[in-house]
Amino acid sequence: MDKRYLRLLAQSYPTIAAAATEIINLEAITNLPKGTEHFLADLHGESDAFRHVLKNASGNIKRKVNEIFGNEIRETEKKELCTLIYYPEEKLELIRANETDIDDWYHTTIHQLVRVCRDVSSKYTRSKVRKALPQEFAYIIEELLHERLDEKNKADYVNMIVDTIITTDRADDFICALCNVIKRLIIDQLHILGDIFDRGPGAHIILDTLQTYDQWDIQWGNHDVLWMGARIGNDACICNVLRLSLRYGNMATLEDGYGINLLPLATFALDTYADDPCDDFLPRLLRPSNMDDKTKQLIAKMHKAITIIQLKTEANIIRRHPEWHMQDRCLLNNINLTKQVCTLNGQEYDMKSCSFPTLVGNDFEQLTPAEQELMQKLHHSFRVSEKLRRHINTILAHGSMFRVCNSNLLFHASVPLNADGTLKEVEICGERFAGRALMERTTHIIRDAFAADTEPEYKQYARDYFLYLWCGPDSPLFDKSKMATFERYFLINKETHIEEKGYYFQLRDNQDVCDYILDAFEVDGDNRHIINGHVPVHASQGENPIKANGRLMVIDGGFSEAYHTTTGIAGYTLIYHSRGFQLVQHEPFTTTKDAILNGTDIKSTTQIVEMSTHRMRVADTDKGKELRAQINDHTPTATEQYKM
């Protein structure tokens with residue numbers, strides 16, 4: 001075995017000198033500073049805020065500009081430089097219209113951008129930087145990065161490069177290229193801790209943006225899994241996706257983003273609920289809108305129509321799976337239309353209204369012929385959307401239920417626990433799984449649902465399981481006693497609306513519990529952490545996102561506008577660079593136009609969570625462990641045996 005391995009190794013490194021050169025290269029890389037990681041969670045379709053946070057790297061670019069230039073230039077000039085880096089094309093258009101000596105501005109700005117680019121690229125090998133450079137300017141940028149004006153013999157050479165860029169009318173293109181390189185190199189790895197979809201209007205724009213990035217991963221959230229289920233043809237997931245979009249008056253992602261045809265639903269709703277005002281289903285608009293009353297009424301009728309169909313389709317799936325123990329969620333047959341009550345746990349509760357024209361016969365859970373026809377059309381629309389297929393394939397390729405990275409355990413919501421803090425076993429296909437095994441099994445089920453060679457009966461189970469992941473009591477993405485959709489819409493008594501959180505959420509401030517979870521996931525390191533989102537942090541009420549004496553960091557602070565009034569902020573993001581962790585608390589983003597015209601940045605407060613006593617190197621990371629293994633494989637002792 002060893003001889004065969006060495007012969008294969010010798011094909012790449014046929015001599016001792018070749019192997020030694022590789023060892024030197026790998027050893028040098030392990031001593032570079034650790035690359036910067038950027039953590040975001042619960043984006044919920046807020047594409048403008050997301051793209052701005054990406055462009056400014058949660059304030060990391062501003063921090064770099066301040067470090068580099070200090071008091072050399074004025075604060076207004078630093079602000080202008082940062083805005084240029086964020087939005088180069090748009091900012092250049094404004095500058096050309098107002099700058100009196102554009103050539104002088106070009107000279108100054110190019111040299112400033114080169115200094116910033118030189119700083120952010122200094123963490124990487126020349127080879128890695130070279131791969132990040134745009135082909136048309138690669139040679140020029142590389143020369144400027146490694147030659148300096150303060151070197152007497154090269155000053156004229158450097159100035160001539162810049163002069164020629166300007167005289168050949170390539171300054172704008174060159175500045176844009178430099179700005180994009182800076183943004184690409186400022187962050188080495190992007191982590192999305194779930195929930196790209198729902199509420200906001202731009203989930204498809206977020207995914208378009210992510211498709212232009214190389215180094216990113218996603219830990220799937222409950223809303224991501226809901227859209228995955230809709231894409232694979234789970235009708236209950238399709239209904240939930242539509243209901244949430246209508247609830248927030250957000251049809252942009254469905255219609256403009258993915259071409260989902262909502263006309264059949266609108267026609268059905270107008271016919272079925274023509275005389276019903278559907279007041280409890282009026283949209284909750286998250287931002288100023290010019291939506292007129294007629295449109296709101298239409299959305300309300302569509303909202304109610306799809307909600308009833310959702311409850312029916314969910315009941316049919318749940319009854320196929322008694323092992324889920326969710327029969328208490330099948331509530332339509334508990335309605336007494338005459339008395340206008342619904343029976344829960346043997347007790348009758350008054351209903352808000354009993355206008356249910358599609359609850360007919362002896363079984364209210366059965367779809368009417370018109371509802372069946374509508375669902376066939378909606379099902380087809382989700383299945384044939386090419387852009388939705390591409391985007392779901394993207395998050396499948398980059399995603400999983402959890403990830404362990406550089407002593408950090410990343411997941412979206414929870415790890416199901418028992419009351420005593422031990423891992424809870426969850427039944428899947430007749431077997432029981434807990435902790436890491438549960439997360440891995442769930443990841444496999446999700447992938448199997450999309451695999452072409454999955455056995456049909458199991459594929460049907462996998463397709464159904466997306467509903468359990470969305471609202472099942474022991475789902476790692478939900479972990480509550482119930483999803484009280486029916487109760488919130490139809491029952492007056494608010495006590496029935498309560499959803500009790502699982503034990504993970506009750507115990508996650510306990511360091512011993514967090515350490516137990518980290519041990520179960522085999523996360524080692526002196527400074528290990530759990531990082532997740534899912535539950536908004538109520539900063540306005542004094543809640544701290546840092547829990548369990550620093551073991552746990554919750555970075556869902558309310559990116560979505562739906563949460564701003566309750567959280568008091570517009571989200572948390574996390575930066576992990578070579579000197580430690582920085583938690584960034586954001587205030588609401590205004591507009592992209594305001595950012596470009598006035599240099600308005602997201603107002604952020606940075607909290608230093610944990611700083612290392614020494615600057616972390618690549619050797620201190622997971623990549624460093626891989627490189628160390630490669631170095632050991634290339635030792636001279638092994639190289640001597642290449643000729644075997």
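When reading the values below, keep in mind they use all heavy atoms of this one structure, side chains included, and skip hydrogens, waters and symmetry mates. Position 1 is the first residue of the sequence; numbering continues from there.
- Within the model, atoms CZ of Phe402 and OG1 of Thr442 stand 10.5 Å from one another, a figure rounded to the nearest 0.5 Å.
- With no hydrogens or angles considered, no side-chain donor-acceptor pair links Asn532 and His412 at under 3.5 Å.
- A salt bridge (Lys or Arg N to Asp or Glu O under 4.0 Å) check over residues 217-244, counting only residues at least two apart or in different chains, returns the pairs Asp217-Arg403.
- Looking only at side-chain heavy atoms (C-beta outward), Lys304 and Ser353 come within less than 4.5 Å of each other.
- Between Met326 and Glu314, the closest side-chain pair of non-hydrogen atoms is not below 4.5 Å.
- Contact detail for Leu359 and Lys312: the closest heavy-atom pair is CD2-CE, 3.7 Å.
- In this structure, the separation between CD1 on Ile445 and OH on Tyr465 is 5.0 Å, given to the nearest 0.5 Å.
- Other residues, nucleotides and ligands contribute over 12 non-hydrogen atoms within 6.0 Å of the CZ atom of Phe268.
- In this structure, a donor-acceptor pair under 3.5 Å is present between the side chains of Asp292 and Thr295.
- In this structure a side-chain-to-backbone donor-acceptor pair under 3.5 Å is present from Asn333 to Phe364.
- Rounded to the nearest 0.5 Å, atoms OG (Ser58) and CG (Leu40) are 5.5 Å apart.
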Legend entry - From CA spacing to verdict: side chain to side chain donor-acceptor pair (under 3.5 Å), His391, Asp208: CA-CA 8 Å; His391 281 177; Asp208 282 340; 2.9 Å; yes
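- Tyr258 contributes atom OH, which lies 6.0 Å from atom CG of Leu388 (distance to the nearest 0.5 angstrom).
- Between the side chains of Ser400 and Gln219, not a single donor N or O lies within less than 3.5 Å of an accepting N or O.
- Side-chain contact, Gln376 with Gln372: no donor N or O sits under 3.5 Å from an acceptor N or O.
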Legend entry - Worked verdict on Arg488 versus Glu499 for salt bridge (charged side-chain N to carboxylate O under 4.0 Å, His left out): CA-CA 11 Å; Arg488 289 195 302 268; Glu499 300 171 346; 2.6 Å; yes
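- In the model, Tyr576 has no side-chain atom that pairs as donor or acceptor with a side-chain atom of His38 under 3.5 Å.
- The line from CD1 of Ile218 to CE of Met401 is 11.5 Å long, rounded to the nearest 0.5 Å.
- For the 3.5 Å distance criterion, the side chains of Asp195 and Trp220 fail to qualify, holding no donor opposite an acceptor.
- Residues forming a ring-ring contact (aromatic ring centres under 6.0 Å, His included) with His204 (at least two apart in sequence, or on another chain): none.
- Of the options Asn261, Leu254, Ile232, Asn234, a side-chain contact (heavy atoms from CB on, under 4.5 Å) to Phe382 is made by Leu254 and by none of the others.
- With a 4.5 Å cut-off on side-chain heavy atoms, Leu246 and Ile306 count as touching.
- Listed by chain and residue number, nothing satisfies the ring-ring contact (aromatic ring centres under 6.0 Å, His included) test with Phe478 (two or more places apart in sequence, or in another chain).
- Using a 4.5 Å cut-off on side-chain heavy atoms (C-beta onward), Ile446 and Leu396 make contact.
- Considering only residues two or more places apart in sequence or on other chains, Tyr489 meets the ring-ring contact (aromatic ring centres under 6.0 Å, His included) condition with Phe281, His303.
- Counting heavy atoms from C-beta outward, Met375 and Glu371 have side chains that stay 4.5 Å or more apart.
- In summary, the side chains of Asp293 and Gln297 do not present any donor paired with an acceptor at a separation below 3.5 Å, with no hydrogens or angles considered.
- With hydrogens and angles disregarded, no donor-acceptor distance shorter than 3.5 Å links the side chain of Glu46 to the backbone of Ala49.
- Defined by atom type and a distance below 3.5 Å, a donor-acceptor pair is missing between the side-chain atoms of Gln215 and Asp188.
- In the model, Tyr503 has no side-chain atom that pairs as donor or acceptor with a side-chain atom of Asn418 under 3.5 Å.
- With rounding to the nearest 0.5 angstrom, the CG atom of Leu467 is 9.5 Å from the CZ atom of Arg320.
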Inset, instruction - Determine, step by step, whether Lys482 and Glu487 satisfy the salt bridge (charged side-chain N to carboxylate O under 4.0 Å, His left out) criterion, reporting the C-alpha distance in whole Å, the side-chain angles of both residues, the deciding distance to 0.1 Å, and the verdict. - result: CA-CA 10 Å; Lys482 64 181 180 182; Glu487 291 89 336; 3.6 Å; yes
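- Qualifying ring-ring contact (aromatic ring centres under 6.0 Å, His included) partners for Phe466, counting only residues two or more places apart in sequence or in other chains: none.
- Around the CD atom of Gln135, the shell of radius 6.0 Å holds no more than 12 heavy atoms that belong to other residues, nucleotides or ligands.
- For Glu440, the salt bridge (charged side-chain N to carboxylate O under 4.0 Å, His left out) criterion is met by Arg436, not counting sequence neighbours.
- Neither side chain, Tyr213 nor His398, offers a donor N or O lying under 3.5 Å from an acceptor on the other.
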